[in-house]
Amino acid sequence: MGMNPNNGKMHGPHPMNQRNRSHCEPGDERVVRIYTLGRFSVHSDCQSMALQQSRHQRPFQLLQALIAFGGRAVHEDMLCQALWPDADGDSAKNAFDVTVHRLRRLFDIKDLLIVHDHHLTLNNNLAWVDVWAFEQLVNHSERLLRHAQDPEILQQLATCGEELFSLYQGAFLERESVRPWTLSLRERLRSKLMRHIADTGQAWESARQLPQAIRVYRKGLEIDPLAESLYQRLIVCLRDSGRIAEALTTFQQCQKAFAEQFQIPPSATTLELSASLLNYAHHH
Amino acid sequence: MENYIVRIYRRDPNDPRNVLGILESVELETRQSFSTIGALQSLLVPCATPDAQGVLHPNTDPKVPLPRRSHAK
């Protein structure tokens with residue numbers, strides 16, 4: 001898939017323009033939609049499924065674990081270890097088989113869950129998962145960033161960023177009880193988003209679109225209030241926009257966050273930036 | 001099993017032992033900060049006491065209670 005920087009057309013279809021976009025598109029009624037970022041909810045046939053019933057808990061935990069391990073061709077041993085760590089081989093395998101059967105009955109959609117050679121797959125032709133959409137979008141925006149000097153591409157990047165923030169309603173399964181097998185994906189997604197924020201902010205700065213850069217950096221600080229490099233970039237953008245009072249407030253927020261968490265001041269670079277604000281105000 | 005997340009926010013380029021970060025305990029849902037590798041080690045080794053060489057050894061005596069940890073989340 002190539003890209004023509006002259007017309008701003010992207011390589012391949014935009015991930016969010018594919019057929020799984022809305023809850024209930026015509027002809028798409030069988031598609032299952034699974035939300036795991038910030039909350040856990042499942043929609044099938046355009047209806048929200050009842051997740052709270054205790055008899056459904058194990059099947060939905062299996063679904064969560066399947067997604068946590070990538071959703072495709074996940075070996076049953078990994079899932080057994082996650083869900084029945086204390087069970088021996090045979091009883092864990094029995095529990096797995098029964099739970100897969102119950103999950104299939106809950107959805108009642110042929111080929112939604114495919115078991116092949118001891119590997120379980122969630123069929124992405126029938127299921128939309130927010131995590132998958134998120135990762136597709138991050139990859140898409142990484143490709144866009146390589147051509148961010150093109151104004152049309154920059155506009156696509158803005159749309160992509162809004163969709164990413166809209167998808168990322170919180171960390172992966174953050175409202176569920178703590179389970180170690182959620183951590184790897186949770187941290188990977190968070191890290192990808194923070195990297196996307198830093199790179200996108202830089203692209204906006206290079207294009208001298210400071211309001212967009214400011215917005216992106218502020219989003220990043222909502223996710224991680226200790227990301228000092230984002231405070232620094234935000235202060236620079238606000239200063240260069242002539243918004244000195246906001247830049248000073250941002251510095252104070254950074255100072256407060258570091259005092260509360262680490263009982264130390266911000267780094268020398270941040271302190272130098274705060275000093276530059278006063279000079280800037282004096283000269284402008 | 002105990003699970004932790006370690007986030008490193010700053011490294012001292014002149015002294016690799018100086019690292020600023022947060023240790024999150026997944027099960028206890030606590031967050032504790034550290035500013036050196038030694039401090040991180042001591043957070044992971046409850047009730048540890050240094051030996052003559054300054055090396056920390058964990059509390060293996062079940063009668064010694066683990067220290068209370070702050071719930072900063």
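The chains referred to below are lettered A, B, ... by the order of the sequence lines, with proteins before strands, and numbering in each begins at 1.
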Taking the six-membered ring for Trp, are A/Phe134 and A/Tyr168 closer than 6.0 Å centroid to centroid? yes

Which of A/Leu189, A/Ile34, A/Ile67, A/Leu167 passes side chain to side chain contact (heavy atoms under 4.5 Å, CB included) with A/Asp130? Answer is A/Leu167

- Message: Between A/Phe172 and A/Leu183, is there a side-chain heavy-atom distance shorter than 4.5 Å?
- Response: no

Any idea how A/Phe69 and A/Trp181 line up, ring-wise: parallel (<30°), tilted (30 to 60°), or perpendicular (>60°)? tilted

So, the part of A/Ser229 with a heavy atom under 4.5 Å from chain B: the answer is neither

Under 4.5 Å to a heavy atom of chain B? For A/Glu187 that would be side chain

Scored by heavy-atom pairs under 4.5 Å with chain B, the best of A/Glu228, A/Arg190, A/Gln263 is A/Arg190

